[in-house]
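Everything on this sheet refers to the single structure shown next.
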Amino acid sequence: MSAHEEINLTVSSFAALGLSETLQRALAKTGYDTPTPIQSGAIPPLLDGRDLLGVAQTGTGKTAAFVLPLLQRLDGDRRHPIARSTRALILTPTRELATQIAASVDRYGRNGRLRAAVIIGGVNMRAQIAALERGVDILIATPGRLIDLVERRKVQLARADYLVIDEADRMLDIGFIRDIRAIARLLPATRQTMLFSATMPGEIVKLGKEILTDPVRVEIAAKTVAVDRIDQQLRFADSGAKRQLLDDLLTDADLSRVIVFTRTKRGADRVATQLARTGVKATAMHGDKSQAARDKALDSFRAGRSRVLVATDVAARGIDVDGVSHVINYELPTDPESYVHRIGRTARAGADGVAISFCAPGEHEQLRGIERLLKRRLTVVGAAPDTRADEGHGDRRPAGRPRQRRRRRAA
């Protein structure tokens, strides 16, 4: 954001942002009446046609922050898409996020006549190609499948006047940045571009300078998202004791809809299997599963057929499930930002939530990184190991392990 620009992040109504009555009615039907800070900051400049750099975590309402002005601008332009083309392109890192964005487009655009399509990997492309035949107003895609269809000449991007890149830092994490640059070159040089990212590593800063023109910057602090509405608890336990600790926690009926995060795919399968053996309805979700299996797991969790979803970080962003009561970090993530994304699965849409993190002796470095990012200590529940006077937790021992006293040497 330029130094002279003042962005109001506390607008009290969607009408005050300049949204059409059609979109206001759609919002009212979904129960949303007050804009979030990212929506208050992003929607007015986007309606004015400005490029935008949005720095915000998941759970802040950023999908609506770009979908709403995009729908209004497309609806106000009476042009129709031509065959195998799109008027607007939204790029996302994961299939689940693409599906979620498509649901938002459908929900908010229900009173309009815009056509949208989703292009993702892991499913048969025949239906996707058929959806593109007449052309679409909005194309929501993951980079790999989109490039595949471009190379097959099933879609062309030269008529896309709008480009949205969502979760740019996640794109960087999974190696899509080169694809993003290649795709951006296929769009017209004169276009409106919106880039959203939870963090701003150097490569994303560089990307923004390449593809954005005089952008407005709207930044929502990560600390606000992570701390304000989430009760963050820390429980120390040896790796071998975590399974029993999880079983004990799940005896509490208040843990009604729970996401358990593991670091590895094998770990997710193992925890889900162990829970099922104890009578807990659980399902696993990770990158090695087919798209159909991932959709089935998520649908089961969303519908309440599964009480627990055990997932790797593939589910840390972009999964919007109402009523997640608890997030449990069975294993701490290797990078602190992933912690914020994980716990953001609860406390969505203004609700409260609880995040419980298990920490084994070998995970103290990850814990230090998380607490440095948050600029605060997590709340220790249960017996806590001793803590040195420094900022870290390097000598905290799992609960229940007695202190070993040193014998004094004889003088």
Side-chain angles (χ1 to χ4, degrees), residues 1-76 88 90 97 100-101 103-105 107-109 111-112 162-169 192-200 208 212-230 317-318 320 322 340-341 344 347-353:
M1 185 170 61
S2 301
H4 65 280
E5 293 178 277
E6 293 292 335
I7 302 296
N8 187 355
L9 301 180
T10 58
V11 178
S12 60
S13 71
F14 285 103
L17 297 178
L19 289 177
S20 67
E21 290 186 6
T22 299
L23 289 175
Q24 290 177 50
R25 287 197 301 271
L27 285 163
K29 288 181 180 179
T30 61
Y32 298 133
D33 53 10
T34 304
T36 66
I38 187 65
Q39 292 162 5
S40 296
I43 289 175
L46 289 179
L47 288 175
D48 288 340
R50 296 287 302 276
D51 283 8
L52 184 132
L53 174 61
V55 185
Q57 310 289 332
T58 56
T60 58
K62 66 179 173 57
T63 299
F66 63 78
V67 166
L68 291 168
L70 183 60
L71 288 171
Q72 182 157 319
R73 285 179 63 81
L74 286 170
D75 195 51
I90 302 174
L97 184 55
Q100 177 191 314
I101 293 172
S104 294
V105 169
R107 184 164 57 246
Y108 302 134
N111 297 319
Y162 305 91
L163 172 63
V164 180
I165 299 172
D166 196 16
E167 303 283 7
D169 53 349
Q192 184 179 19
T193 304
M194 312 158 214
L195 187 152
F196 289 84
S197 188
T199 59
M200 290 299 294
L212 297 170
T213 302
D214 188 27
V216 173
R217 177 170 176 143
V218 179
E219 184 166 0
I220 307 301
K223 179 182 175 183
T224 301
V225 179
V227 174
D228 284 356
R229 300 188 312 275
I230 302 175
R317 305 193 194 192
D320 192 358
D322 291 337
V340 176
H341 297 305
R348 298 180 73 81
D352 295 328

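Just the heavy atoms: all of them, side chains too, but no hydrogens, waters or symmetry mates, feed the values below.
- Residue Ala64 comes nearest to Ile43 through the heavy atom pair O-CD1, 4.5 Å, listed as atom of the first residue, atom of the second, then distance.
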Between Met194 and Leu46, is a side chain to side chain contact (heavy atoms under 4.5 Å, CB included) present by the stated rule, with each step listed?
-> CA-CA 8 Å; Met194 312 158 214; Leu46 289 179; 3.5 Å; yes
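- A distance-only check finds no donor-acceptor pair linking the side chain of Thr60 to the backbone of Ile38 [under 3.5 Å].
- Without hydrogens or angle criteria, Arg73 side chain to Leu47 main chain gives a donor-acceptor distance under 3.5 Å.
- Side-chain contact between Val55 and Val218: absent, with no pair of heavy atoms (C-beta onward) separated by less than 4.5 Å.
- Looking only at atom types and distance, the side chain of Gln192 has no donor-acceptor partner in the side chain of Arg50 under 3.5 Å away.
- Without hydrogens or angle criteria, Asp169 side chain to Ser197 main chain gives no donor-acceptor distance under 3.5 Å.
- The two residues Ala42 and Ala65 have their closest heavy-atom pair at CB-CB, 4.1 Å.
- Within the 4.5 Å cutoff, side-chain heavy atoms of Ile90 are placed close to those of Leu70.
- Gln72 and Gly18 get closest at one heavy-atom pair: NE2-O, 3.1 Å.
- Contact check for Lys62 versus Glu167: side-chain heavy atoms found under the 4.5 Å cut-off.
- The ring-ring contact (aromatic ring centres under 6.0 Å, His included) search around Phe196 returns Phe66, not counting sequence neighbours.
- Between Leu17 and Pro44, some side-chain heavy-atom pair lies under the 4.5 Å cut-off.
- Asp51 places no side-chain N or O within donor-acceptor distance of the main-chain N or O of Asp214, the cut-off being under 3.5 Å.
- For the pair Asp33/Leu27, no side-chain contact is recorded, criterion being any heavy-atom separation below 4.5 Å from C-beta on.
- Residues Thr193 and Thr213 are not in side-chain contact: their nearest non-hydrogen atoms beyond the backbone lie 4.5 Å or more apart.
- Annotation: side chain of Leu53 is in contact with side chain of Met200 (closest heavy-atom distance under 4.5 Å).
- Taking CG from Asp75 and OG1 from Thr22, the interatomic distance works out to 7.0 Å, rounded to the nearest 0.5 Å.
- At least one side-chain heavy atom of Leu19 sits under 4.5 Å from a side-chain heavy atom of Leu23.
- Considering CZ of Phe14 and CD of Gln39, their distance stands at 4.5 Å, rounded to 0.5 Å.
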